[in-house]
Every structure is written in structure tokens, then in C-alpha cells.
Amino acid sequence: MIPGSDPNIPLRVSFVCTGNICRSPMGEVVLRSLAADEGFGADRLVVTSRGTGGWHEGDPADPRTVVALAEHGYDGSAHRAAQLTRADVTQNHLLVALARDHERALLTAGAPRDRVVLLTAFDPDRPEDPDVFDPYYANAQAFSDVLTQVVRSTAKLLENLIPRLER
């Protein structure tokens, strides 16, 4: 799953969604927190998130994202949206797409296929829809529901990353 990389260099993982204010910040915050709970800090794992578009660049996460995260014990208040760059594509070991259109955008941007994965590939509930629902035009409950799926999937993603992190 993780391409060969120097174990002396931190593993770099970036979550990618559309505007980087809803789904991908959830993934970033959750993975960083779960990894810290397992004893893996920034010296072993660097986690970021990006958007395929720059509409919200510099903005905080959607307030409903921050509330959903807080209600589940995560702090998303420091997040600032950023657009995916060529450097993100080349410097991250793993790019986690939140939906198939993000996966296509990453591949079109030149990301190697073996470094791009859909987050739902790790979802133990094996959803029929491989896209994590975009809650932007929905209500607060949708953000909580999406976060539940993100947490569940990200926990499994971390299980897959641990062998590389323990090197």
C-alpha cells in the first residue's frame, strides 16, 4: 500500500476533497489525532489536506465541520483551506481522495496511481457508494454522519500505515 520510502523520513499523507473545508479537514484532523494516540508524532507522520479548487483558500473549515469535530473530541479550529499544488502531488507518499472526482483530479495532476487511494477503500462497512458524501449543502447532521464514516475509515487507514510508521 505505501510505496517504498525511507523510514528515516516522516510519512507524508494528504487528504483531498473539493474545497478543503469539510471532508478533507476531517480526515486530516482525525488521522493526526489517532496517530498521536498511538504515539506517532510529526517526526513519523505529517498529515495535511487540500482542495482541488481554491475557492476557500485561507478560510477556516466550515463551521459545521468544526462543530462536528468538537462534538467527537477533535479540534479543527486551526485549519485553513489550501489548494492542491504540484508539490503536494510530488511530495506526499499517499494522497487520500474523498471521492472519485478527487481521485481523477489527482491522477490528472500526475500523481502516481500507487499513491492515490479512496478513503472508502478502508471503510469496514464497505459502502456501496465509493464517494464520501459532500455535506456542504446539507444540514449539521450530515456533517456528523460524514465524520462518523471518516473516523471509521481513517482508523483502518492508520492500521495499514502503522507497519511503515514503526520502522
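With respect to E159 and K156, a salt bridge is recorded, a charged nitrogen being found less than 4.0 Å from a carboxylate O.
Contact record, R126 with A121: NH1-O, 3.0 Å, taken as the closest heavy-atom pair. For the residue pair A105 and T52, the shortest heavy atom distance occurs at CB-CG2, 3.9 Å. Counting all heavy atoms, side chain and backbone alike, R23 lies closest to A99 at NH1-CB, 4.1 Å. Minimum interatomic distance between V29 and G76 (heavy atoms only, all atoms of both residues): CG2-CA, 4.1 Å. Residue P130 comes nearest to T120 through the heavy atom pair O-OG1, 2.6 Å, listed as atom of the first residue, atom of the second, then distance. Counting all heavy atoms, side chain and backbone alike, A35 lies closest to L158 at N-CD2, 3.8 Å.
Here salt bridge (charged side-chain N to carboxylate O under 4.0 Å, His left out) pairs that include residues 71-99, with residues two or more places apart or in two chains, are R50-D88.
V96 and L107 end up in different hydrophobic clusters when Ile, Leu, Val, Met, Phe, Trp and Tyr side chains are linked at under 4.5 Å. Both V146 and L34 belong to a common hydrophobic cluster when Ile, Leu, Val, Met, Phe, Trp and Tyr are linked at side-chain heavy-atom distances under 4.5 angstrom. Under the 4.5 Å side-chain contact rule for hydrophobic residues, L165 and V47 share a cluster.
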Task: Residues L95, V117; criterion side-chain contact (heavy atoms from CB on, under 4.5 Å); working and verdict - done: CA-CA 6 Å; L95 297 157; V117 65; over 6 Å; no
- [ ] Could you please spell out the steps behind the side-chain contact (heavy atoms from CB on, under 4.5 Å) verdict for S49 and M26?
- [x] CA-CA 9 Å; S49 63; M26 288 180 183; over 6 Å; no
TODO: Determine, step by step, whether H79 and N20 satisfy the side-chain contact (heavy atoms from CB on, under 4.5 Å) criterion, reporting the C-alpha distance in whole Å, the side-chain angles of both residues, the deciding distance to 0.1 Å, and the verdict.
DONE: CA-CA 9 Å; H79 177 77; N20 192 220; 3.3 Å; yes
- [ ] For salt bridge (charged side-chain N to carboxylate O under 4.0 Å, His left out), just list the numbers for E103 and R113, CA-CA rounded to whole Å, side-chain angles, deciding distance to a tenth of an Å, and then say yes or no.
- [x] CA-CA 9 Å; E103 179 183 46; R113 182 75 193 113; 2.8 Å; yes
Open item on the list: I'd like to know whether Q83 forms a side-chain contact (heavy atoms from CB on, under 4.5 Å) with H56, so could you lay out the CA-CA distance, the side-chain angles of the two residues, the decisive distance to 0.1 Å, and finally the verdict.
Closed with: CA-CA 8 Å; Q83 185 174 5; H56 301 288; over 6 Å; no
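Listed for the N139 side chain is a donor-acceptor partner under 3.5 Å among the backbone atoms of A142. Panel note: side chain T108, backbone R104; a donor-acceptor pair is recorded below 3.5 Å. When atom types are taken as modelled, the side chain of H93 and the backbone of R12 share a donor-acceptor pair closer than 3.5 angstrom. Judged by distance alone, the side chain of T154 and the main-chain N or O of V150 form a donor-acceptor pair under 3.5 Å. When atom types are taken as modelled, the side chain of T90 and the backbone of A87 share a donor-acceptor pair closer than 3.5 angstrom. Panel note: side chain R44, backbone L11; no donor-acceptor pair is recorded below 3.5 Å. A donor-acceptor pair under 3.5 Å links the side-chain atoms of R64 to the main chain of A138, judged by distance alone. In this structure, the side chain of D129 engages the main chain of D131 through a donor-acceptor pair within 3.5 Å. Remark: side-chain polar atoms of T148 are paired, donor with acceptor, to backbone N or O of S144 under 3.5 angstrom. Not a single donor-acceptor pair under 3.5 Å links the side chain of D62 to the backbone N or O of I21.
Once rounded to the nearest 0.5 Å, the distance linking CZ of F133 with SG of C22 reads 10.0 Å. A distance of 9.5 Å separates CG in D114 from CG in L94, rounded to the nearest 0.5 Å.
Annotation: side chain of V30 is in contact with side chain of Y74 (closest heavy-atom distance under 4.5 Å). Between T18 and L98 the shortest side-chain heavy-atom distance does not fall below 4.5 Å. F15 has its side chain within reach of L157: a pair of non-hydrogen atoms, C-beta onward, lies under 4.5 Å apart. By the 4.5 Å heavy-atom criterion applied to side chains, V151 and L147 are counted as neighbours. Here the side chains of L31 and L45 are in contact, with some heavy-atom distance below 4.5 Å. Residues L69 and F143 form no side-chain contact, since every pair of their non-hydrogen atoms from C-beta on lies 4.5 Å or further apart. A heavy-atom distance below 4.5 Å is not found between the side chains of N92 and V13.
When each of L119, V132, D125 is checked for a side chain to side chain contact (heavy atoms under 4.5 Å, CB included) with Q149, only V132 meets the rule. Of the listed residues (P25, S14, S24), just one forms a side chain to side chain contact (heavy atoms under 4.5 Å, CB included) with T48, and that residue is S14.
Every side-chain contact (heavy atoms from CB on, under 4.5 Å) that E166 has, sequence neighbours left out, goes to F40, I162.
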